[in-house]
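A short worksheet on the structure shown next.
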Protein chains: 2
Amino acid sequence: MATIYEVSKLAGVSLATVSRVLNNSASVSEKTRTKVNQAMKQLDYKPNAIAKSLASSRSDCIGILVGEFHGPFYGTMMGGIEKEFRAANKHIVVTASHCDLEKEKEDIEFLISRNCDALILHVEAVSDEYLINLAQGKTPIYVINRYIPQIADRCICLNNELGGYIATKTVLEHGHRDILYIAGPKVKADARERLAGHYRALREFGIAPDVEREYFGDYMQTGGYAGMQHFFDKDLPVSAVVCGNDEMANGAMSAIREHQLDIPNDISVVGFDDVLFSSYTHPKLTTIEYPIAQMGKMAAQLVLQDVYKQGECTTPHMFEPKLVSRDSLSSV
Amino acid sequence: MATIYEVSKLAGVSLATVSRVLNNSASVSEKTRTKVNQAMKQLDYKPNAIAKSLASSRSDCIGILVGEFHGPFYGTMMGGIEKEFRAANKHIVVTASHCDLEKEKEDIEFLISRNCDALILHVEAVSDEYLINLAQGKTPIYVINRYIPQIADRCICLNNELGGYIATKTVLEHGHRDILYIAGPKVKADARERLAGHYRALREFGIAPDVEREYFGDYMQTGGYAGMQHFFDKDLPVSAVVCGNDEMANGAMSAIREHQLDIPNDISVVGFDDVLFSSYTHPKLTTIEYPIAQMGKMAAQLVLQDVYKQGECTTPHMFEPKLVSRDSLSSV
DNA sequence: TTGTAGGCGTTATCAC
DNA sequence: GTGATAACGCCTACAA
């Protein structure tokens with residue numbers, strides 16, 4: 001691997017000059033510029049990003065922290081972020097922390113130690129205080145799906161409670177009263193918020209929340225399936241089931257079908273997130289839109305604006321959940 | 001940010017000694033070791049991965065190249081790789097090249113310039129020669145889903161042609177003769193291979209391939225949906241449709257249902273990949289298993305073995321596709 | 001067991 | 001406009 005030094009020798013100039021044409025900073029005469037460029041071509045010179053990063057303490061890299069690599073939600077989020085950054089010639093380095101406190105901390109430190117110019121975090125386990133403190137540091141952070149008042153300008157989020165409220169309220173407005181709820185993991189704040197919204201809608205209709213009628217799944221198909229089985233075993237009256245996310249709704253639908261019941265005529269199903277496959281389930285899933293691609297895009301734009309002084313971002317930080325009416329919810 | 005230098009001063013030892021306890025290399029007396037550790041704690045010292053990488057020309061990072069960030073296939077692949085590496089305390093840097101020649105090359109150079117210790121590539125656009133040449137370089141590469149004889153020991157792949165053959169052969173054995181094929185993008189080698197397998201099965205049953213009965217989609221739900229619409233418009237007799245992957249099968253199923261036809265009684269559907277959601281479609285999708293998580297895991301093990309001298313990997317490089325019989329295929 | 005010193009490939013601050 | 005020359009933070013022979 002040729003270095004800047006060899007280029008400088010071959011071009012008969014100094015290191016500094018090569019560096020200048022590399023970053024086309026300062027003024028370099030057209031003559032020397034072409035000389036240097038030729039030398040670089042001749043040696044097939046490729047700049048060493050690590051060395052550059054060490055010397056400049058910048059990396060043109062943005063660190064991303066997600067829960068998992070798989071799954072339609074995080075995939076869409078990463079896609080939204082990456083698209084925006086690629087257009088700006090920035091790279092992303094992604095790590096998945098599996099919603100584990102130690103891993104989240106480790107991964108954050110890893111990204112910082114790699115000189116990331118900024119961090120975009122979708123974290124669950126770490127405390128608000130930790131993030132507030134982290135935000136004081138040298139590396140700017142942006143938080144997706146979590147609202148922390150002290151660093152509100154760094155948060156991009158959706159009103160999960162409202163989404164949960166809308167979902168259950170819609171079901172109630174369709175006349176359902178025997179409603180089951182398959183929630184996400186208790187450890188996840190968004191799962192708890194959505195559940196809180198569910199409670200609010202229930203109470204508004206004079207129904208007391210009932211632990212018998214809720215189940216905590218894993219936000220995956222298996223969880224929805226298991227939850228539905230759990231309810232069937234208890235033999236509870238049911239006309240609708242509201243799920244903490246679309247994957248679980250998908251799993252629940254599968255279980256319902258295996259019990260020879262029709263969706264939505266026997267049991268209605270509502271999801272949350274509106275991930276891609278939800279337009280292709282049978283029946284098509286009624287759900288709450290979570291514009292995660294846009295939110296990822298916005299986070300990227302914020303970084304571009306704040307850190308790289310490119311473009312500007314005027315999107316509001318708080319997104320509103322919206323009902324997506326399809327075919328899995330019917331009136332009773 | 002405290003540096004190794006400040007730690008050395010506070011601990012009253014030399015830089016080298018601090019470095020030693022950091023990498024717990026060589027022998028350091030228990031006394032000095034604790035002295036140094038205390039100093040590090042006191043200063044909240046965090047090693048700078050960039051500097052370490054520059055000095056050692058290693059990074060404990062493995063570069064991964066995928067087609068896209070979203071989608072169940074790549075998501076599962078990344079997950080399989082990451083899980084293995086995390087256990088070994090290695091990190092991954094992922095980029096998505098969108099099946100574009102220039103982007104693939106750029107991304108590979110990026111990963112190399114970041115001192116990745118190895119590369120795991122799922123690339124489409126780049127030529128065999130390019131990869132063979134790349135393999136000569138300093139950074140070891142491993143290629144998923146592509147067989148290149150000259151670097152066979154670096155390839156981890158599935159026999160796509162055989163998979164395509166099995167899919168269509170199975171359909172034929174169920175008595176179907178009016179078969180449609182929704183292929184992946186022509187530019188993707190695996191799509192072409194699967195199609196070739198489809199042809200082979202057809203011929204084996206004395207049926208001449210017919211361009212009228214094939215459609216090239218985008219490997220996404222939209223492509224399957226559009227393909228099915230296309231066929232409906234042409235009003236071809238059909239009793240089964242074989243798809244290049246599960247997403248397209250999912251889209252095709254959606255289109256079939258919208259035409260008030262039953263799956264599998266009116267039209268059977270077969271997919272390819274066996275991604276997660278395929279066990280939860282309605283009806284459950286009959287498909288060809290593509291063990292991408294295991295293949296990712298194996299690629300990671302190869303890297304661990306070859307590059308880091310940890311563990312050993314004896315899995316064969318060529319995986320065999322297998323039929324997964326579920327409910328979307330019936331006999332005619 | 002510990003310390004010294006040169007080097008990794010760039011950037012950036014000075015002078016000239 | 002161009003060239004020395006310190007950094008950047010760490011590793012690693014080589015000595016001691």
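Naming convention: chains lettered A, B, ... in sequence-line order (proteins, then strands); numbering from 1 in each chain. All values below come from the heavy atoms of this structure, side chains included, with hydrogens, waters and symmetry mates left out.
A:Lys46 comes within 4.0 angstrom of the backbone, heavy atoms only, and of no base. A:Ser57 comes within contact range of no nucleotide atom at all, as no heavy-atom separation falls under 4.0 Å.
Atom NZ in B:Lys9 sits about 21 Å away from atom P in C:dT2, given to the nearest Å. For B:Tyr5 and C:dT4, the OH to P distance is 11 Å, given to the nearest whole Å. Computed from coordinates, the B:Met1 CE to D:dC10 C1' distance equals 16 Å when rounded to whole Å. Straight-line distance from the NZ atom of B:Lys52 to the P atom of D:dC10: 10 Å, rounded to whole Å. Summarising the geometry, the separation between CG on B:Asn23 and P on D:dA13 is reported as 12 Å, rounded to the nearest angstrom. To the nearest angstrom, C1' of C:dT2 lies 14 Å from CD1 of B:Ile4. Distance, A:Leu22 CG to C:dA12 P: 12 Å, rounded to whole Å. When rounded to the nearest whole Å, the span between CG of B:Leu54 and C1' of D:dC8 equals 9 Å.
Within the structure, every side-chain polar atom (N or O) of A:Ser53 is placed at least 4.0 Å from both OP1 and OP2 of C:dT10. Between D:dT2 and A:Ser29, a contact under 4.0 Å exists linking OP1 or OP2 to a side-chain N or O. The side chain of A:Tyr45 contributes an N or O atom lying less than 4.0 Å from OP1 or OP2 of C:dT10.
No side-chain N or O of B:Asn48 forms a donor-acceptor pair with one of A:Ser113 less than 3.5 Å apart. Residues A:Asp107 and A:Thr95 bring a donor and an acceptor atom of their side chains to less than 3.5 Å of each other.
Both tests hold for A:Lys90 against A:Tyr308: distance to the six-membered ring centre under 6.0 Å, angle to the ring axis within 45°.
More than 12 non-hydrogen atoms from other residues, nucleotides or ligands lie less than 6.0 angstrom from NZ of A:Lys103.
Taking every side-chain heavy atom of B:Ser19 into account, D:dC11 is the closest of D:dC11, D:dC10, C:dT10. The side chain of B:Ala55 lies closest to C:dG7 when the candidates are C:dG7, C:dG9, C:dT2. In the set D:dG9, C:dG9, C:dT11, D:dG9 carries the atom at the smallest distance from any side-chain atom of B:Ala51.
Between the OH atom in A:Tyr142 and the CD1 atom in A:Ile120 there is a gap of 8.5 Å [rounded to 0.5 Å].
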Can you check nucleotides 3-6 of chain D for protein contacts, nitrogen or oxygen pairs under 3.5 Å, and list what you find?
from  : atom 1 : to      : atom 2 : distance (Å)
D:dG3 : OP2    : A:Ser14 : N      : 3.0
D:dG3 : OP2    : A:Ser14 : OG     : 3.3
D:dG3 : OP2    : A:Thr17 : OG1    : 2.7
D:dG3 : N7     : A:Arg20 : NH1    : 3.4
D:dG3 : N7     : A:Arg20 : NH2    : 3.4
D:dG3 : O6     : A:Arg20 : NH2    : 2.6

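For the pairing with B:Val7, the side chain to side chain contact (heavy atoms under 4.5 Å, CB included) check across B:Leu43, B:Asn37, B:Leu15 returns one residue only, B:Leu43.
The aromatic ring centroids of A:Phe85 and A:His91 lie 6.0 Å or more from each other.
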